[in-house]
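Some notes on the structure that comes next.
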Amino acid sequence: MLWGYFDGSGTDGQNGFTVISGFIGPIEEWSPLVLDWGARLFRDGIETFHCVDSKGRNKAYLGWTKERSLEHREALAEIITRYGVAGINAGFIGNYRAVLATLPPHFQEYYPTAYSLCFELMVNRIRQAKQDS
């Protein structure tokens, strides 16, 4: 069984893009990864990692130096690479509503948002990779 973690950006369509990114891998890889990830966050006094906050040194990262923030992100990246999970993403650039209006009704029904299209693209890529292995 595969397990994944995904996050989206631009899902409201205001910026002319939608992206979903994440990691997927065998379920048995996730328990130790999550334990190591959580231990690192706890060590650094962070409840939930948000890259944008870490890079901007805002919210939970307020008062951090650039160096401390970078070291924190590098440590989390090293944790991810220690386990058998792979990165996956899909995106749409442009005015999704305008493009959608030109497509057949069944497409509009299946993929009413750019987010739904991107998620379906990722699921299909995962299926293909599983068949190829």
Pair Asp44 + Arg40, salt bridge at N-O below 4.0 Å: yes
Glu47 and Leu41, any side-chain heavy atoms less than 4.5 Å apart: no
Are side-chain heavy atoms of Leu2 and Ile27 found at a separation under 4.5 Å? no
Do Ile20 and Asn89 come within less than 4.5 Å of each other through their side chains, counting heavy atoms only? no
When rounded to the nearest 0.5 Å, the distance separating CD of Glu28 from CG of Leu33 is 12.5 Å
Within a reach of under 6.0 Å around CH2 of Trp37, are more than 12 heavy atoms found that belong to other residues, nucleotides or ligands? yes
Euclidean distance, Leu76 CG relative to Glu71 CD, rounded to 0.5 Å: 9.0 Å
Within the 4.5 Å heavy-atom criterion, are His50 and Lys59 side-chain neighbours or not? no
Are Phe92 and Val99 side-chain neighbours, meaning at least one heavy-atom pair lies under 4.5 Å? yes
If we only count heavy atoms from C-beta on, is the Tyr61 to Lys55 side-chain gap below 4.5 Å? no
Give, for atom CH2 of Trp3 and atom OG of Ser31, the distance between the pair rounded to the nearest 0.5 Å. 9.5 Å
Considering only heavy atoms from C-beta outward, does the side chain of Arg73 approach that of Phe49 to under 4.5 Å? yes
Without swapping roles, check the side chain of Thr18 against the backbone of Ala114 for a donor-acceptor pair under 3.5 Å. no
If I take atom OH from residue Tyr96 and atom OG1 from residue Thr113, how far apart are they, to the nearest 0.5 angstrom? 6.5 Å
If hydrophobic clusters are built by linking Ile, Leu, Val, Met, Phe, Trp and Tyr wherever their side-chain heavy atoms come under 4.5 Å apart, do Phe17 and Leu117 end up in the same one? no
To the closest 0.5 Å, what do you measure between OG (Ser54) and CZ (Arg68)? 10.0 Å
